[in-house]
Amino acid sequence: MKLADYTTVRLGGPARGFVRASTEEELIEAVRAADANGEPVLILGGGSNLVVADEGFDGTVIQVATRGVSRGAGPGVLTVAAGEEWDAVVARTVAEGLAGLECLSGIPGLAGATPIQNVGAYGQEVSQTITQVRVYDRKTSEVLDIPAEQCGFGYRTSRFRGADRFVVLSVTFGLAVQVRSAPVRYPELAAALGISPGDQVDSIQARSVVIELRQRKGMVIDPADPDTRSVGSFFVNPVLDAGALASVEAAARARCGPHTRVPRFPVGDRAGDGLVKVPAAWLIERAGFGQGYNPGDGARISSKHTLALVNSGSASTAALMALAREIRDGVRDTFGVWLAPEPVLVGVTL
Ligand SMILES: Cc1cc2nc3c(=O)[nH]c(=O)nc-3n(C[C@H](O)[C@H](O)[C@H](O)COP(=O)(O)OP(=O)(O)OC[C@H]3O[C@@H](n4cnc5c(N)ncnc54)[C@H](O)[C@@H]3O)c2cc1C
């Protein structure tokens, strides 16, 4: 068994042990048993945010295969087992007239992974609708319901990311009971829908346009499209304060001309604190790495999206990481900005 068969980038060597957990009890028991034996554990969802070393994982991989979606106490309350396929959950909410997840359509992976990095796209993040996350705490061996306020959600992060302490068992969402979407905040999506940012459309329409936009960028897994053999965005958009932004702007003007304006976006609800998000793709392109950039050892930049590093079929994890390092160093040398990886790296470092 190779982990390459379980990751969307189709990379990763063997695991010493592999357990598929189909019920919450099996999941907890598998983790508990491995912990009791001092065995390293890797929780595996859909493998869409994982880069695993060519040497594999020297421990037990526990694949989450729990199922179940239930409507909760309030009208828009939905509790989803960790092993449910995320996009099927979104499709279901849209079909049932629940709004709040429609812009997160087409994202691969499982529901249980969504709180880990506070999955987001096109102006929505799961932190906007998650009300609580049910976890198994490996430190205390307890099952806990953690309310959203205690999840430490931020841009592509949460208290769960990198901590390895909690196994997500299920996620509860509080959604609006309405056929209309939540207000569409993302300018590119609003433009594609022919509305102004802040307006609403039917969720069904928002979902189908999001999927169309994503497909054009190779951001919906499609075995027939080699540009989708990736982990999605390899780098997170850097968050800069005013001083760092001014340095990037000076470097950009020196390199690209005196009228260059570095694009920027507010960081969620932190617009007031002077921090902005700068698109990593913009920096990467201006540092000399365009779409399709291919150093020739099997890993390349997607021909549709600068942020996606693709396994063209013959890549190794080492080649993918070498490409990531080359890009990171190029952006650092050009703009003085350190790009951080978005996927979880197992047995490799950037
Ligand atoms: C084509 C493509 C497009 C993408 N687009 C987006 C996007 O628009 N926005 C976005 O935010 N992400 C995006 N991603 C990244 C990825 O899909 C998400 O991060 C997704 O939530 C990962 O889910 P997964 O089940 O595949 O997790 P995995 O890759 O299996 O695991 C990721 C991490 O979460 C941990 N984990 C998984 N399940 C659990 C659990 N139940 N309990 C505890 N830990 C767990 C794993 O141990 C690992 O550390 C994209 C990826 C691809 C390939």
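Ligands are counted one by one from 1 in listed order, and the atoms in each one are counted from 1 as well.
Taking the side-chain hydrogen bond (donor to acceptor under 3.5 Å, both in side chains) definition, one finds that Arg71 meets it with Glu96, sequence neighbours left out.
In this structure, a donor-acceptor pair under 3.5 Å is absent between the side chains of Asp222 and Thr228.
The closest heavy-atom contact to atom 3 (C) of ligand 1, among the options Arg229, Arg214, Arg161, comes from Arg214. The heavy atom nearest to atom 40 (C) of ligand 1, considering only Ile221, Ile43, Asp164, Val171, is found in Ile43. Within the set Ala111, Gly120, Ser170, Gly232, the minimum heavy-atom distance to atom 7 (C) of ligand 1 is found for Gly120.
Considering Lys217, Arg216, Lys304 in turn, Lys304 is the only one that fulfils the salt bridge (charged side-chain N to carboxylate O under 4.0 Å, His left out) rule with Asp227.
Checking only distances, Ser48 does come within under 3.5 Å of ligand 1, N or O to N or O. Ligand 1 has no N or O atom lying under 3.5 Å from any N or O atom of Gly109, backbone or side chain. Considering backbone and side-chain N/O atoms, Gly46 comes within less than 3.5 Å of an N/O atom of ligand 1. By the 3.5 Å distance cut-off applied to N or O atoms, Gly47 is counted among the residues near ligand 1. Residue Leu110 has at least one N or O atom closer than 3.5 Å to an N or O atom of ligand 1. Taking any N or O of Thr228, backbone or side chain, none lies under 3.5 Å from an N or O belonging to ligand 1.
For the ligand labelled ligand 1, residue Phe166 lies inside the 4.0 Å heavy-atom shell. Heavy atoms of Ile116 approach ligand 1 to within less than 4.0 angstrom.
At a threshold of 4.5 Å between side-chain heavy atoms, the hydrophobic network of Ile, Leu, Val, Met, Phe, Trp and Tyr places Leu189 and Ile107 in two separate groups.
Checked by atom type and distance alone, the side chain of Asn237 never pairs as donor or acceptor with a backbone atom of Lys277 at under 3.5 Å. A donor-acceptor pair under 3.5 Å is formed between the side chain of Thr23 and the backbone N or O of Glu26.
In Pro108, the parts holding a heavy atom less than 4.0 Å from any atom of ligand 1 are both the side chain and the backbone. Neither the backbone nor the side chain of Phe160 has a heavy atom within less than 4.0 Å of ligand 1. Using a 4.0 Å cut-off between heavy atoms, Thr8 contacts ligand 1 through its side chain alone, with no backbone atom that close.
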- Message: Run Trp86 and Phe173 through ring pair (Phe, Tyr, Trp, His ring centres under 6.0 Å) and show every step you take.
- Response: CA-CA 13 Å; Trp86 174 250; Phe173 297 90; 5.7 Å; yes
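A salt bridge does not link Glu84 with Arg92: none of the charged nitrogens is closer than 4.0 Å to a carboxylate oxygen. In summary, Arg332 and Asp329 engage in a salt bridge, as defined by a charged side-chain N under 4.0 Å from a carboxylate O.
For atom 15 (C) of ligand 1, the nearest non-hydrogen atom of the protein is Asn49 OD1, 3.7 Å.
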